[in-house]
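To start, the structure itself, in structure tokens.
In the text below, chain A, chain B and the rest are named by the order of the sequence lines, each starting its count at 1.
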Amino acid sequence: MFPETDAILERLNPAQRSAVTTVDGPVLVLAGPGSGKTRVITHRIAYLLSHCHVPAYAVLAVTFTNKAAREMLERVRVLVPSQSSQLTIGTFHAICARILRRDGSAIGISPTFTIADEDDQVAVVKRVLKDLDWDEKRNPPRAFLSRISAAKSILVGPREFSASADNFADEQTAIVYSRYQDALAAADLLDFDDLLMSTVRLFTENSSVLQKYRERYSHILVDEFQDTNVAQYAIVRLLGTGHNNPCVVGDEDQSVYSWRHADIRNILNFERDFPGTQVIVLEQNYRSTRTILQAARKMIAPNRQRKEKSLFTENEVGERIVVFEAYDENEEASYVASQIERLVAAQTCRLRDIAVMYRTNSQSRVFEKTFLRHRLPHKVVGMRFYERKEVRDVLAYLRLCYNPNDVTSLDRIVNVPPRQIGAKTLSDLHVWAARLGVSVSEAIQYLAAERETAVPCPIGTRARTALTEFARIIEIIRRASREMVVARLIDKVLEVTGYGDFLKDGTEEGQGRWDNVRELITVAEEFSHYEPEASLAAFLEDAALAADADEYDASTDAVTLITLHAAKGLEFDVVFITGLEEGICPHSRSIDDERQVEEERRLLYVGMTRARRRLFLTYAARRSQFGEAGARQPSRFFKDLSRDLVQGTARAIQGHGGDWAHQERRAVSAAFLPRADGWSSRFESAVDAAPAGDQTVVRFKTGDRVVHPRFGEGTVISVEQRGGDQEVTVAFRDQPIKRLLASLANLQIVS
DNA sequence: AAAGCGTTTATTTTT
DNA sequence: TAAACGCTTT
């Protein structure tokens, strides 16, 4: 039908080509690492536009990060220059935010809502707890938030949550959840999960809005489908059943976000929910050497939660994988630095082709320190720019200006820089506003205008003067926001609030903070082509939804320091995966749960498959954490590295039976036996693998059948040490799940 | 209200 | 380690 020279279809292998050209009916693409997945997606979009007469506005492409979205747009633009500007490409969160701004008013959402980040969420919960007079220490805000987030991700709202709460903890959460939601609504705030859940609600409660988007988007594409959660999948289903043309691309072996409630089952359900789905498997790897691919395949093979794939490559065999044991984290960093110097000196590669990867962000520090000493140019991805205090302060001014109801932002900056408004004043102000039934912003305005109110104002003269001055400043900024673009608005904020001078206190730290604010202005400049108000709105949205991986920039020649999570989707000639120790990878928080260990293994797999030519795996025998040094064992995952693919003298790849790895494996596998009773292994714990010499008496272990005088028979689903005692979580028949102390509960084990 | 001091506590991963 | 909290003093 099309000529052989067709630019969009040439140089695609048969599987890729069929993934590009199968445009009628649902498609599920299972794409191994380095199999040309991005290529397939961009070419598919180009193919739709140029060959199928699909208008660009009818294409909706969902990516995992905003950066991926920008790149995808750029690549499509190269293929189909004229039509790409109307495409909708973005993350679920960004797309949902856009939909809600446009149509959210149908379900009572203000078009100028602001997006609450984690700090805001904590602040809101803290206020809720204060109102309830609950002790923050006993009820950690983050614990509530994690339960609330889990509920939202599976589309359980406060009412349903409350209705199904059948234990004390859930009942408490239900109360907090409901109040938290009210507080967000009062402040015109949506948290990340709300963006998704509210979109689903909008679509299900308002069929004309759903119809509108269904008709518009005839072709939906979703990348990284293995990392979608239930709410995201619901959106795909709601929109996709319209034209019945969704195309999703994923790889369950690269699923590393279950902690963010991603659900691999979405891949399985897709075929069920979209009958007639055509499944296309991309198995040829174009990225890595044969050695690296082979090692990665062996590494992922032990996972039980996966479909067997036959990945292959026609690339050269390449060099062996290097395994290095360092004495401690400093030596590990020095080793990596010297290897990089060697590689660059030998002109094997440039700095920008090299990445150093680690499990946790805190591991980056020692690399930064060492690279600085070696004068090795480097760039840390994920420095959490938008989480820095000074950046958030400036953003809070802008947010308050855009959304006067955003009380979280108001609380944040009402006294920054210090202007004589303390905790007491603020608290009185909240109470007064609530009594009057107005927002805190409005209450301040009443006060500044000396307006008569039904409830007398409890605030003293001094604080009153301070608040009036604050109101005046905000008003100046708000006026300015109608006249100048956001970058100039930030200048204005720094000037009228005195925040600029407040930061420049002469210290080195102050200088660093000031530099960050300047950097923020540089970012804001990108929004200068908008009209003033639109410029502010667009900048705030971008700032709220920006991801760490978004800042990754290959243009400067520097080594990339990056977490394994953030490295997903990237590739480098040379990859160092560091800190491969028990407790780090797999992480100590994952170690006693089989499923979580599988995810840690996938994380390592993702890291290994980022490498094109050379792969280094390192660990330290000793490592300091919290300033305390301690001995470390090499990661259990070294057991699954084929000896013939590696080189090095590290202990982890030497010796046989009786070494550390075997002991580790024996101890751990006892806790990992498959369960016959159907209880999710996710709740299993490896307490029975605790080191000997520990004085605790192990009485119960996961999986024990037990009987209780009142609750009857049950199964132990997890065990936690509590000093010399155990806290046992038991699922009883016909009872909600109970947590019991072994010494008090009179539990008997039944054989 | 703010600043200064000592104690504590946590670090998984992020849209 | 270093941020964050809580207590005391100014």
Side-chain angles (χ1 to χ4, degrees), chain A residues 62-69 90-97 115-119 121-122 126 136-137 140 142 145-146 149 152-153 190-197 224 227-229 231-232 255-262 329 357-366 369 381-389 414-427 460 462-463 466 509 541-551 562-568 579 583-591 593 596-597 599-600 602-604 606-607 623-629:
Chain A
V62 185
T63 58
F64 197 65
T65 63
N66 296 300
K67 172 166 175 282
T91 62
F92 273 108
H93 292 87
I95 290 165
C96 288
I115 298 166
D117 64 23
E118 215 174 301
D119 276 19
Q121 293 181 280
V122 171
K126 279 187 176 174
E136 231 176 72
K137 274 258 154 70
R142 280 171 200 284
L145 283 168
S146 115
S149 171
K152 287 182 177 179
S153 79
L190 296 184
D191 67 21
F192 285 124
D193 299 304
D194 286 334
L195 293 174
L196 307 173
M197 191 166 74
E224 306 283 10
D227 287 322
T228 54
N229 66 25
Q232 291 166 329
S255 152
V256 290
Y257 284 96
S258 73
W259 52 272
R260 226 172 64 190
H261 315 115
E329 72 273 17
M357 300 180 187
Y358 34 77
R359 176 67 234 270
T360 66
N361 278 304
S362 61
Q363 287 166 256
S364 71
R365 197 173 303 130
V366 63
K369 199 180 72 187
V381 178
M383 279 301 284
R384 309 282 181 102
F385 180 68
Y386 287 109
E387 281 171 39
R388 286 162 203 259
K389 205 176 273 162
V414 71
N415 199 32
V416 180
R419 46 174 84 92
Q420 316 273 82
I421 301 165
K424 177 74 168 65
T425 304
L426 195 55
S427 162
R462 222 174 61 180
E509 199 191 351
E541 189 116 321
D542 225 56
L545 298 173
D548 284 344
D550 291 351
E551 353 157 354
I562 192 169
T563 63
L564 288 164
H565 279 92
K568 197 175 67 160
I584 293 191
C585 186
H587 196 271
S588 51
R589 297 278 242 256
S590 307
I591 235 156
D593 178 328
Q596 289 190 52
V597 172
E599 181 146 318
E600 299 280 322
R602 289 196 290 269
L603 205 45
L604 178 55
V606 165
R623 181 178 296 273
S624 300
Q625 244 174 341
F626 318 133
E628 206 76 42

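Panel note: side chain A/N415, backbone A/I421; a donor-acceptor pair is recorded below 3.5 Å.
Bracketed by its first and final contacts, the part of DNA chain C lying under 4.0 Å from non-hydrogen atoms of chain A reaches from C/dT1 to C/dC5 in 5' to 3' order.
With sequence neighbours left out, A/K424 forms a side-chain hydrogen bond (donor to acceptor under 3.5 Å, both in side chains) with A/D428. Judged as a salt bridge (Lys or Arg N to Asp or Glu O under 4.0 Å), and not counting sequence neighbours, the contacts of A/R142 are A/E118. A/Q121 meets the side-chain hydrogen bond (donor to acceptor under 3.5 Å, both in side chains) test with A/Y180, A/D191; sequence neighbours excluded. In terms of the side-chain contact (heavy atoms from CB on, under 4.5 Å) criterion, residue partners of A/K369 (sequence neighbours excluded) are, by chain and number, A/N330. Residues passing the side-chain contact (heavy atoms from CB on, under 4.5 Å) test with A/A544 are A/I115, sequence neighbours excluded. Here A/R623 pairs with A/E332, A/E581 under the side-chain hydrogen bond (donor to acceptor under 3.5 Å, both in side chains) rule; sequence neighbours left out. Listed by chain and residue number, A/K126, A/L129, A/P141 satisfy the side-chain contact (heavy atoms from CB on, under 4.5 Å) test with A/E136 (two or more places apart in sequence, or in another chain). Every side-chain hydrogen bond (donor to acceptor under 3.5 Å, both in side chains) that A/T360 has, sequence neighbours left out, goes to A/S362, A/Q363. A search for side-chain contact (heavy atoms from CB on, under 4.5 Å) contacts involving A/S258 returns A/E599, not counting sequence neighbours.
Atom P of C/dA4 sits at a distance of 15 Å from the matching atom of B/dT13, rounded to the whole Å.
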Got a list of protein N/O to nucleotides 1-3 of chain B N/O distances below 3.5 Å?
residue: B/dA1; atom: OP1; partner: A/T425; partner atom: OG1; Å: 2.8
residue: B/dA2; atom: OP1; partner: A/Q420; partner atom: N; Å: 2.9
residue: B/dA2; atom: OP2; partner: A/N415; partner atom: ND2; Å: 2.8

Between protein and nucleic acid, restricted to nucleotides 4-11 of chain B and to nitrogen or oxygen atoms under 3.5 Å apart, what atom pairs and distances do you find?
residue: B/dT11; atom: O2; partner: A/S362; partner atom: OG; Å: 3.2

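A/K369 comes within 4.0 angstrom of nothing in the nucleic acid, heavy atoms only.
An OP1 or OP2 oxygen of B/dT14 is reached within less than 4.0 angstrom by a side-chain nitrogen or oxygen of A/T563.
Lacking a ring centre under 5.5 Å from that of the base six-membered ring together with a plane angle below 30°, A/F92 does not count as stacked on B/dT15.
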